[in-house]
There are 2 protein chains.
Amino acid sequence: MSERRATITDVAREAGVSASTASVVFSGNAPASAETRRRVLAAAEALGYTGPDPRAASLRRGRSGIVGVVFGGSLRSAFHDPVTIAMMDGIAEGVSPLRAGLLLLPDETSSAAPAAGTDSGAIEVPSAVTAAPIDAAVLVGFGQTRQPSLDVLRARRVPVVIIEGDAGPEIPRIELDNSAAQQRAASYLRDLGHERVTLLTLPIRPSRARGWFGPRDAVEVDVTAARLAGAQAVYPDAPTYAAVTSSIDEGLIAGREILAGPDRPTAVIAQTDLLAAGVIRAAEECGLRVPEDLSVTGFDGVEVDGLDAYELTTLVQPAVEKGRAAGAAVVSMLAGEDAASVTFTCSFRIGTTAGPVPRG
Amino acid sequence: MSERRATITDVAREAGVSASTASVVFSGNAPASAETRRRVLAAAEALGYTGPDPRAASLRRGRSGIVGVVFGGSLRSAFHDPVTIAMMDGIAEGVSPLRAGLLLLPDETSSAAPAAGTDSGAIEVPSAVTAAPIDAAVLVGFGQTRQPSLDVLRARRVPVVIIEGDAGPEIPRIELDNSAAQQRAASYLRDLGHERVTLLTLPIRPSRARGWFGPRDAVEVDVTAARLAGAQAVYPDAPTYAAVTSSIDEGLIAGREILAGPDRPTAVIAQTDLLAAGVIRAAEECGLRVPEDLSVTGFDGVEVDGLDAYELTTLVQPAVEKGRAAGAAVVSMLAGEDAASVTFTCSFRIGTTAGPVPRG
DNA sequence: TTGTAAGCGTTATCAT
DNA sequence: ATGATAACGCTTACAA
């Protein structure tokens with residue numbers, strides 16, 4: 001019984017109607033008499049036909065019912081970032097009117113390693129972004145650096161919306177007031193009297209290793225640059241240290257180095273909550289109390305592992321709303337309307353991890 | 001310039017070759033002379049052709065390059081469960097040889113509410129699972145209860161692998177030694193002298209509310225039943241309390257009730273780490289020390305929020321490996337081989353949350 | 001190495 | 001309300 005699968009034509013024949021009529025019964029795109037419907041459905045049942053082949057339908061309709069979510073970083077790290085997960089929630093919610101699925105797509109790799117043994121003219125294996133049957137895409141975790149994925153999508157004329165990034169004037173952006181928000185935290189620290197402040201940033205370039213950097217190092221990652229600018233508006237000369245990822249462990253490593261120097265800061269402005277949590281751990285390791293000996297601020301407003309004893313002083317970003325807005329933008333674009341860019345505002349949450357500058 | 005998009009035929013014509021030759025240049029499925037390749041690529045460039053339309057290609061090839069991941073619960077909750085996220089990591093890794101994308105699919109809703117105002121013969125809107133162009137599917141978070149999604153996929157003859165669930169003899173299963181593992185934790189507690197032990201379980205039925213249950217209540221959820229059986233092998237008469245989800249908050253609520261009774265247990269066996277963490281919080285609330293006054297064990301071996309002071313005594317499950325195995329199974333099935341079921345083993349990690357029974 | 005031909009399974013359009 | 005027809009854009013035997 002491993003015969004050829006039944007097609008809509010088979011069903012139509014069995015039901016004694018035309019293929020187009022059967023199609024209409026399944027799609028509901030035109031009226032059909034109750035009797036016809038019954039017969040078609042019965043025939044389908046009898047033949048084990050489960051409905052139109054999605055591949056054929058999407059070719060014909062020109063729509064696949066799939067929205068791609070392209071991650072600038074690795075999928076792995078995306079899953080581990082609570083902010084990204086919250087955004088995904090929002091995206092799923094935002095596109096739900098489309099009844100579309102979300103397709104997780106890794107970023108286009110800049111250059112696929114050519115298969116060994118193939119001659120130099122070898123065909124490039126098409127990447128997921130190139131070959132995925134998506135109706136639209138949401139870009140997440142991209143900097144302003146020209147990313148290959150973006151070029152591919154533009155060439156394919158796939159409607160795109162980008163979250164926290166710049167994909168050119170045509171592409172709707174979902175933004176955060178990163179700079180202004182970060183500035184508020186910095187001002188708060190200054191008001192508390194802090195002068196020796198160190199800034200712990202997200203990566204400044206996709207490729208760069210962790211470490212201190214200076215004004216001559218170009219900051220290519222949008223989010224990093226914006227938050228950095230906000231902090232530097234208040235502390236223009238603060239030492240800056242770049243992490244390579246946003247995690248507690250990374251914050252711990254960075255924190256150890258930041259706190260080890262001879263001229264230890266009285267406050268650390270971390271660009272994410274996870275990094276901040278790591279810095280707090282590092283402080284604990286050196287026997288420093290937070291906030292008595294060291295103030296630490298974060299960014300994101302997510303729940304953080306093992307920070308029970310503290311409530312982080314941080315900027316709370318509306319991560320779910322960001323996703324929802326991106327989803328909504330996709331929906332409008334697919335409806336032929338054009339979608340506006342949106343900028344969301346972070347709220348400053350005063351917790352227990354920042355206090356007055358220690359005396360003396 | 002919003003003309004019709006160029007097709008491979010246009011490119012072929014422009015390059016002065018046949019469509020099939022152009023196709024071959026893009027797919028690499030047959031040799032083409034360097035000169036031909038050059039001409040075709042140049043023509044494509046000139047026409048702004050970005051490669052074969054994925055919808056058309058997948059119709060013709062009968063493959064979409066997409067693997068569905070179907071979540072038994074809501075997508076939202078799936079994103080918030082650390083075990084699920086770890087598994088997703090593994091799945092992505094496991095299917096990577098396919099260069100396929102992962103499509104997130106919500107479970108088929110048992111019965112879509114018919115649109116108001118439509119006559120009773122209204123067409124059901126096809127669900128995501130029915131209409132998604134997937135080559136295979138991984139089922140996550142399903143019980144043994146017959147789930148509609150599974151029926152749909154079977155009818156569609158989509159190759160399926162199920163993680164922690166039973167989808168019938170034909171479907172490869174990725175399993176955990178839930179029962180044996182849980183029994184180890186229970187034995188450990190018994191060796192420590194515990195006699196008054198309460199079991200805090202995952203939901204026993206998809207629909208059920210939280211609360212105490214007894215031997216007469218059917219446990220319909222596989223994982224719950226297996227872990228329960230393991231604990232009951234050691235403590236057959238232990239009181240049993242079902243949570244409605246796996247979260248710290250839920251564990252806290254359950255924990256309060258469990259610890260409130262007149263005959264307070266000396267140990268709680270929780271079916272997940274998050275629930276265990278909640279119980280520990282509840283214990284702290286009543287001024288009970290863990291493990292001096294109350295022993296608590298978990299299950300999963302994930303990092304838990306706010307459990308900094310403790311290291312949970314728990315069963316560590318290889319969540320990533322589970323996903324990887326599921327991905328690998330999909331790869332074999334798609335290659336025409338059949339995939340074997342796999343059972344993974346949990347390791348018992350002795351932490352600081354279980355100790356000797358307190359002296360009377 | 002390249003071209004010819006025949007679909008893949010569906011749905012939109014238009015006529016009846 | 002139903003049917004005939006013509007695409008949708010591509011790939012793969014097979015032949016040359």
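As the structure is a computational prediction, the values presented were derived from the model and not from experiment. The chains referred to below are lettered A, B, ... by the order of the sequence lines, with proteins before strands, and numbering in each begins at 1.
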Handout entry: Separation of atom CZ in B/R61 from atom P in D/dT11, rounded to whole Å
Key = 5 Å
Fill in the blank from the handout: By side-chain contact (heavy atoms from CB on, under 4.5 Å), A/S23 pairs with (sequence neighbours left out) A/I8
Exercise for the section: Please list, by residue number, the residues of residues 48-56 of chain A whose heavy atoms come closer than 4.0 Å to an atom of DNA chain D; answer none if no residue qualifies. Expected result: none
Problem - Base versus backbone protein contacts along nucleotides 1-6 of chain D [heavy-atom cut-off under 4.0 Å; B, S, -] - result: SSBB-B
Fill in the blank from the handout: Sequence neighbours excluded, the answer for side chain to side chain donor-acceptor pair (under 3.5 Å) partners of A/S96 is none
Practice task
Apply side chain to side chain donor-acceptor pair (under 3.5 Å) to A/S58 and list each qualifying residue two or more places apart in sequence or on a separate chain.
Solution key: none
Practice task
Under the side-chain contact (heavy atoms from CB on, under 4.5 Å) rule, collect the residues that match up with A/R38, sequence neighbours excluded.
Solution key: A/E35
Handout entry: Whole angstrom value for the distance that separates C1' of D/dT11 from CZ of B/R63
Key = 15 Å
Fill in the blank from the handout: side chain to side chain donor-acceptor pair (under 3.5 Å) filter on A/D53, not counting sequence neighbours, yields none
Problem - Test side-chain contact (heavy atoms from CB on, under 4.5 Å) applied to B/R324 - qualifying residues, sequence neighbours left out - result: B/E93, B/V320, B/E321
Practice task
Round to the nearest Å and state the distance from B/F26 atom CZ to D/dG9 atom C1'.
Solution key: 13 Å
Completion exercise
Residue pairs meeting salt bridge (charged side-chain N to carboxylate O under 4.0 Å, His left out), one or both in residues 56-75 of chain A, sequence neighbours left out, come to none
Fill in the blank from the handout: Nearest heavy-atom approach of A/V70 to A/P106 is CG1-O, 4.2 Å
Let me have the donor-acceptor pairs involving side chains of residues 329-342 of chain A, under 3.5 Å, with sequence neighbours excluded, atom names and distances please.
unit_1: A/S332; atom_1: OG; unit_2: A/A328; atom_2: O; d: 2.9
unit_1: A/S341; atom_1: OG; unit_2: A/R173; atom_2: N; d: 2.9

Fill in the blank from the handout: In whole angstroms, the gap separating P of D/dA7 from CZ of B/R5 amounts to 21 Å
Problem - Boundaries of the DNA chain C segment in contact with chain B, non-hydrogen, under 4.0 Å - result: C/dT1 to C/dG9
Handout entry: Contacts of type side-chain contact (heavy atoms from CB on, under 4.5 Å), residue B/D10, not counting sequence neighbours
Key = B/R4, B/A6, B/T7, B/R13, B/L47
